[in-house]
Amino acid sequence: MKRIIRYILLLPVAAMVACSASLPEQYTVNDELPEIFPEYTNVTIPCNIAPLTFRIDEEADDYVTRFAANGLELIVSGNEVAVSSDEWNGLIAAAKGDSIKVDVFAQTNGIWEKFKTFSFVVSDDEIDPYISYRLIPPSYVAYEKLTINQRNLTNYDEDVVYSNMMIDAEPKGQCINCHAYKNYKTDNMQFHVRQTLGGTIFVRDGVMKKVNLKSDSTISAGVYPSFNPKYDLVAYSVNTTGQVFHTKHPNKVEVQDTLSDIIVYNPVNETVTNVANDPNALEVFPNWSPDGKMLYYCVADVKCEDPSKTRVHQLVEGYKDIKYNVVRRSWNPETGLFGSADTVFMATALGKSATFPRVSPNGKFLLFALGEYGCFHIWHKDADLYLLDIEDGSYWPLEKANSPFAESYHSWSSNGKWILFASRRMDNNYSRLYIAHINEDGTSDKAFALPQAAPGHYDFFDRSYNVPEFMVEPVRFTPQDFVEVVTGKSVNVKYSPKIK
Amino acid sequence: MDKTTRNNRGTAPKQESATVSRKDSHLVGILSQMQKFVVPVFFVALWAVLAFYESALLQRTESFSLFLFDATYFDNMMLLPAGLLSYIGCFLIQFFHYPAVGAAIYVLLLLAVYCLVRKVFDIPSRYALLALLPVVAIVASNTQLGYWMFYLKMPGYYYMALLATLFSLLAMWAYKGLSNAWRFPLLLSWIAVGYPAMGVYALAAALLMALLGVVLAVRDKKGLPVSVVIFVFALLLIYLVPRLYYNYYSLVALDLIYVAGVPATQWKDAVVAGVVYDSESVWHNIWLYWVPLSMLLLSMLLYVFSVALRGRFSLRPKYTAALNVIALVFSISFICFFWFGDKNFRIENKQMVAMWNEDWRAVADYAKDTEEPTRQIVLNKNIALYNLGRAGDEAFAYPDGGVLPVSPLSVHMTHTDGSSVYYNIGKFNYSYRWCIENSVEYGWKPEYLKNAARSMLLAGEYRLAERYIRILKSTMFHSGWANEMERFVKNPELVAKEPSFSMPLQFACFSDVLGVDDGVEMHMTSTVDAVNVQGDNDFNFFSLLGDAFANGDIDALNTTFDSKREVSPVFLEASLLMALVKKDSKRFWNTFNLFLANHMKGIDPQSKNVRNPLPIHFQEAVLLFLTLDKGKNVQIGNDFLNVLVSRTPGGVEDNFNAFQRSVATNRDAIRKQYPDVSETRINNMLAALLKDKFGDTYYYYYFFVKKIKTY
């Protein structure tokens, strides 16, 4: 309803301004790019993305913006630039494989000024039509309203998949996290609910259940998940996690694992099996290769040798020394056995820490976040996205996608042409979603913020976008459907020493 | 015939009393006059009390309620049942920023409730004061809140019951005037539209409307079966509409759909943290919070049923008079009882208003108005004294303690004003953290936004500060403050020149460490520990200084001072004060050397002319700890002591000696008089005896103030 009202309100306004605006006949030329928010200058966009709306942050009395693409021209007035979907689709169709040129004119005291032209490069590569993400305030301990939302990328439609407020508020509330899908589809998916009525909400072939993934032989219930694309298995990390707070550093918080292992869950037999559980190592962030026969994850060696101090105390004291490498282990579907670990990227050799390995759908690249230390790079200002060529081991930063602020929580589109990630670049606090095009050679184009109907959306929106995932179809269950399962009984897993 | 007894259906009421005596008619006249006088006085008095006596409360209420003219803000409000009440409530609460204006709006709306009650239920003048019942119930539902101000997860709560009552009365007025044929569509639309907008209030009003229909049918002996059918249908709608709303629109928990609009679960779960109270208080009872709203519903039910009695019989004027007096006394007593008048709560509010106005003297002075303060009051007082440069002279001249806030909740400073405390002592990350944590739990408030903006501004995170400034700029009454802050974001070089930022920045002289909320004392002392490189050898520092003063050796003095790394003088003063609060002489000496390195820099030992005398409490501590140490660890030469301590007649040393003599003399006297009394009792008696004369000294605190709290 809200959307309908918004469209009803927006369309005539957009049409009116589009019709009534005209370009100034005389103007001076400014060689600088205009200040616009979000920063969309010279970005590469998919040919099926929703209109990019923006606000011109140059101080002026009046504004006119011209969009031009292969003979098609659209003129919009005002400092909030929002074109209608129809007009946008026309522009994008005309510019496919080429670019939309954008000219911003600003008038002060009767004198018009034209800023340097910038482009929206329109890629031939389509993007998956849906994404989902968790909306969470950038808080540390407290949580109240958490939702997992899904968004149609071809327009602005957004729905709540599940809201923790449908159960209760704190102190009897829930944390919800780690939504994941098998092969970008939603008939096999999962997310966790913690605390009240906790468990993993698991959808297998369209049937929902709640699973208690904690067994006697594992540290915790499942945390970071990865569906095996080919087999009925899900790899999880199991973790004990804590937080401590910087009194002065802009990173503000350190989220640390004090224990973490890797397990595999078999949803058919309801069993879990330890895969990596070295007591002197922290293993986390599993990710299956596209063929389902290789499991990538991160490992940090830890030594807690001072008997006078607890493990937690020692790990907190030495937080800057905890650095993760990326390893992989082969898995034989016939025997159910894993091979030995093979280091794929030794971040420690660079004095750094690599997290969240994500293999590209073609199996060629490994996308990961690299920071100075630790595993929770979304709070690390220095964290950047890197790509590694799995075959030859070469790696490079995604320079055009990165920023001086934290980048993490990345995922590949199903065609491997786009990546979606969270970045705190807007203000070093609220993580926002960015999309970047990945070229054949593994370089990226400039990333753009998830488009919103209102150009000022990110000014007031007080929640962070977290764990974004691509989907080729929407989740069809309603939040109320999920509530029924959440409030129902859990299936308890059994521990099995071998993957059955 | 009394005009107000005419009912809206056009049936004339019976003559209520054909044989009214002259005496009775005199009483009727008095009642009528009394109503004309008492009601305005009641509302004006209420306005005056709110606007002046509780001005700080109103200002704080406003600073903990955010309203924005923004589509996202509106959408978020409307996601929950009763969202419209919250939205309008938040809009109106803004005016509490100016207490007289806000209170006037509030009281005028209450007056509207009073008038509507009389109109809708045909309450004649001689019963007029009975119409005050819903008014006092609404007022009490607000004045009882106390510390709930920080914890209620219901934006606009201050106005919700009031607005809901107003809208419901208007709906009932319309309902009463309609025929049965139109009543059903009205009821249906009221519940369908009213539930999302007003939550449980709309359901209650629907019930009252349907009941009123039945009562009118009984009274008029007309249309009873239809009214009963409508009533049953209303019950069905009351059950079904919230469930439909749950299934197709809202993301509210199923358990909450029938209490949407009142903080039912919050009240129910308030004591979940298991608070251990210092003393008993009526305010610890959770059920108390239900009383005003229950009274509101009961009074409305009473009016609905009273409609059936109208014209059936009448009370004699003397009973009517008694009823009015009872109603008035009850109303006033009810408000007084439910007025949360906790002294510490009021002081905290006044202090916080004064802190935002940078009236530091007032902040400190308010702390004197209580026998045992909360820790919030003590911390606010200390911050004020740091800003006044009087901490070392006055800190122990105020009531000390740490009584728990009176509330059924486990009230933590981090949830109330901790963010301001952290800002003022330069812990900007923690100030910001608690703005975020609290905004997550309780929603954004102007105070969180302001603390977040100024903390991140002083932490150098200008983009982040700008985000909150931008939001504040779109508020009605905080845009001025935001514009001022924006000036600093655009010109960061001005930050260091701004006097109001000076104190927090001076406090921010510590290095980054990972930590948790370990209290102010821990922060102060651990920071000093981190920079105090001399450790246990610090006692030697005083010997070196003593020699330098004895020999008039300026080079030796400066070398000794330079051996100390610099921490800001303000931080050192605060840290020194914390050592005194903890009664930790070793830490005092260790911190004192750093303090002196700053305090006495540039002094000429030959002239022995101290330009900047030591704060009095530090002089008192030097004398006390030297006496207790008996020369074992610290030796301070006479020349140096002359510099440190006022030794003139009537000075600090004189007073300390007088204190020692008084203690000895009085202790002996008490022992003689009460030979069987324990040492603890003797100490308590001594404390009482010496309080007037020495109660503002550090040595009095050291010996006689117990139960030290340092968080």
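In what follows, every chain begins at residue 1, and chains take the letters A, B, ... in the order their sequences are listed.
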Enter the distance from [X]:[atom1] to [Y]:[atom2] here, rounded to the nearest 0.5 Å.
X	Y	atom1	atom2	value
B:L514	A:Q243	CG	CD	11.5 Å
A:M166	B:Y246	CE	OH	4.0 Å
A:K252	B:Y430	NZ	OH	12.5 Å
B:W434	A:F245	CH2	CZ	7.5 Å
B:T72	A:Q452	OG1	CD	9.5 Å
A:M165	B:L80	CE	CG	7.0 Å

Proximity breakdown for [X] and chain A, heavy-atom pairs closer than 4.5 Å:
X	answer
B:Y442	neither
B:M78	neither
B:L254	backbone
B:V513	both

Quiz item: Does B:N429 reach the main-chain N or O of A:H246 with its side chain, forming a donor-acceptor pair under 3.5 Å?
Solution: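 Side chain of B:N429 to backbone of A:H246, a donor-acceptor pair under 3.5 Å: yes, one is there.
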Practice problem: Considering only heavy atoms and a distance below 4.5 Å, find which of A:Q480, A:E254, A:K248, A:K145 pairs most often with chain B. | Solution: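 Winner by heavy-atom pair count: A:K248.
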Quiz prompt | chain B interface, residue from A:V160, A:D462, A:T147 that has the most non-hydrogen pairs under 4.5 Å | solution =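 The answer is A:D462.
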Quiz prompt | Qualifying residues under side chain to side chain contact (heavy atoms under 4.5 Å, CB included), relative to B:V193, sequence neighbours excluded | solution =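 B:V193: no side chain to side chain contact (heavy atoms under 4.5 Å, CB included) contacts found.
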Self-check item: Heavy-atom contacts under 4.5 Å, residues 423-432 of chain A to chain B
Solution: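 Listed by number, the contacting residues are A:R425, A:M426, A:D427, A:N428, A:N429, A:Y430, A:R432.
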Quiz item: Does any heavy atom of chain B fall under 4.5 Å from the side chain of A:P479, the backbone, both, or neither of them?
Solution: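 Looking at A:P479, just its side chain touches chain B.
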Quiz item: With sequence neighbours left out, which residue pairs that include part of residues 372-381 of chain A fulfil the salt bridge (charged side-chain N to carboxylate O under 4.0 Å, His left out) condition?
Solution: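 Every salt bridge (charged side-chain N to carboxylate O under 4.0 Å, His left out) pair that includes a residue of residues 372-381 of chain A, provided the two are not neighbours, is A:K352-A:E372.
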Quiz item: Residues of residues 468-476 of chain B under 4.5 Å from chain A (heavy atom pairs)?
Solution: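 So the qualifying residues are B:Y468, B:R470, B:I471, B:S474.
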